[in-house]
Structures are given as C-alpha cells and as structure tokens.
Q: 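Quick one: the structure is below, and I'll ask about it shortly.
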Amino acid sequence: MDRRLRIIASQSQACEILMTIPAVGVQTSAAFAAAVDEAGRFRQSRNAGAYFGLVPRRHQSGEFDWTGGITKQGDGTVRKLLYEAANSILTRSRETFTKKTWVMKIAKRRGMKKARVALAAASRVSCMPCCVMALCSKREKG
C-alpha cells in the first residue's frame, strides 16, 4: 500500500509541489490533493479552513458569545495529518523560520496543543495556493 501511494504521489504534480513544504510527506500531500479535488470552489485560501474544520467553534445567543475549540467539520484525515505535520515541525525540526517563531510565542501564551492547531491552520493556508496552482496547470495540460 505504501509503495502504491508513493507511485501515485510521484506521478501527481500537486503532490510533488505539496511535498516541498517542510514536514509534508507522501500521505499528507496525497490526502490534501484528494480532498481538494476541485480547487476552484475556494476563492481564497483562507476559505479552506472551514472545509477542514480548522476554524473556531462559535456559540452566540442573546446573552452569550463564546469561542470554543475547532469545529472538527470536514475531512478528519487531512486535519489529523496537518496536525501531525505541525507537531513534527515544532518538535523535530531544528530550522528556525517566521511561522515557527510565531507558533512558539503562541505556545508560551496558550499551550502547545493550541500552537499545533494554529500551525496546522497556517500550513493549510500555505498549502492551498500551491495545490490550486498545481491542479490548474494539470487541467490545462490534460
């Protein structure tokens, strides 16, 4: 199964582009490319957050207005893989870049779990334009 997935990912231009992002491997890129099969339905990359359930849960009524955890709507596999990629960046990567320093500030304020979710959401935002570009160019060729 692993070999098949590697072959499929190597043949897909979208997966190849997504695997250039740190901590995004074969499984994450293939799941993301499969989940975003029609990239045209997202006008902006930020709109994909709700699709993967990486937006805050809101409860509003006449008296109450509170923001909870993430909604967990959408594709749970992609959400889990993005969370694992964020965990890998934070714990295993020795490189320092702007998103990592931003997330480490969040970790000091709010805790490591919320920081991982924030980085997963930020990873989703950085993945989306690459995926859109790859899928659009694939359609033009085929």
Side-chain angles (χ1 to χ4, degrees), residues 1-140:
M1 184 72 149
D2 226 16
R3 243 181 263 147
R4 285 188 212 160
L5 189 59
R6 286 179 197 218
I7 292 169
I8 291 169
S10 67
Q11 293 173 350
S12 170
Q13 185 182 7
C15 292
E16 289 290 326
I17 292 172
L18 289 170
M19 284 191 285
T20 61
I21 298 168
V24 174
V26 176
Q27 288 181 342
T28 307
S29 65
F32 192 89
V36 185
D37 56 345
E38 181 59 42
R41 62 185 157 177
F42 302 113
R43 289 192 178 142
Q44 296 176 339
S45 61
R46 287 179 283 165
N47 296 344
Y51 185 70
F52 292 119
L54 292 168
V55 292
R57 182 180 303 256
R58 298 289 311 239
H59 176 72
Q60 294 177 327
S61 68
E63 295 180 26
F64 300 107
D65 182 15
W66 58 266
T67 304
I70 62 172
T71 60
K72 297 184 182 175
Q73 299 293 315
D75 194 349
T77 305
V78 176
R79 186 174 53 252
K80 185 187 340 178
L81 289 170
L82 287 174
Y83 182 85
E84 289 298 323
N87 185 36
S88 176
I89 288 173
L90 290 177
T91 58
R92 308 225 181 230
S93 175
R94 292 191 175 134
E95 297 177 32
T96 305
F97 45 93
T98 53
K99 279 190 184 174
K100 187 173 180 180
T101 56
W102 169 71
V103 169
M104 292 310 285
K105 288 178 186 176
I106 292 174
K108 286 181 184 176
R109 280 194 326 258
R110 302 293 306 233
M112 200 61 151
K113 287 185 179 179
K114 291 197 184 215
R116 287 180 189 128
V117 171
L119 185 58
S123 297
R124 176 237 338 131
V125 170
S126 65
C127 286
M128 195 63 186
C130 295
C131 192
V132 169
M133 180 184 68
L135 290 173
C136 290
S137 67
K138 185 178 177 183
R139 277 195 213 116
E140 291 174 359

Q: Any sub-3.5 Å donor-acceptor pair from Ser88's side-chain atoms to Glu84's backbone N or O?
A: no

Q: If you take all heavy atoms of Ala9 and Cys15, which pair is closest and at what distance?
A: O-CB, 3.4 Å

Q: Does Ser12 use its side chain to pair, donor to acceptor, with the backbone of Ile8 at less than 3.5 Å?
A: no

Q: Just checking Lys114: does its NZ atom have more than 12 heavy atoms from other residues, nucleotides or ligands closer to it than 6.0 angstrom?
A: no

Q: Measuring from Gln27:CD to Lys80:NZ, what's the distance to the nearest 0.5 Å?
A: 10.0 Å

Q: Which distance, rounded to the nearest 0.5 Å, do you find between the CD1 of Ile17 and the CD of Gln13?
A: 4.5 Å

Q: Does the side chain of Tyr83 reach to within under 4.5 Å of the side chain of Val78, using non-hydrogen atoms?
A: no

Q: Please name the pair of heavy atoms, one in Asp75 and one in Ala35, separated by the smallest distance, quoted to 0.1 Å.
A: OD2-CB, 3.7 Å

Q: For residues Arg79 and Gly53, report the shortest heavy-atom separation together with the two atoms involved.
A: CD-O, 3.9 Å

Q: What is the minimum heavy-atom distance between Ala30 and Leu5, and which atoms define it?
A: CB-CD1, 3.7 Å

Q: Taking it one step at a time, do Leu90 and Val103 satisfy side-chain contact (heavy atoms from CB on, under 4.5 Å)?
A: CA-CA 8 Å; Leu90 290 177; Val103 169; 3.6 Å; yes

Q: Decide yes or no for Glu16 and Thr20: does some side-chain heavy atom of the first lie under 4.5 Å from some side-chain heavy atom of the second?
A: no

Q: So how far is it from Thr77 OG1 to Leu82 CG, rounded to the nearest 0.5 Å?
A: 11.0 Å

Q: Between Phe52 and Val36, is a side-chain contact (heavy atoms from CB on, under 4.5 Å) present by the stated rule, with each step listed?
A: CA-CA 10 Å; Phe52 292 119; Val36 185; 3.8 Å; yes

Q: What's the shortest heavy-atom distance between Val24 and Ser29, and which atoms?
A: CG1-N, 4.0 Å

Q: At their closest point, which heavy atom of Met112 faces which heavy atom of Ala107, and how far apart are they?
A: SD-CB, 3.7 Å

Q: Atom CG of Leu18 and atom OG1 of Thr28: how far apart are they, to the nearest 0.5 Å?
A: 9.5 Å

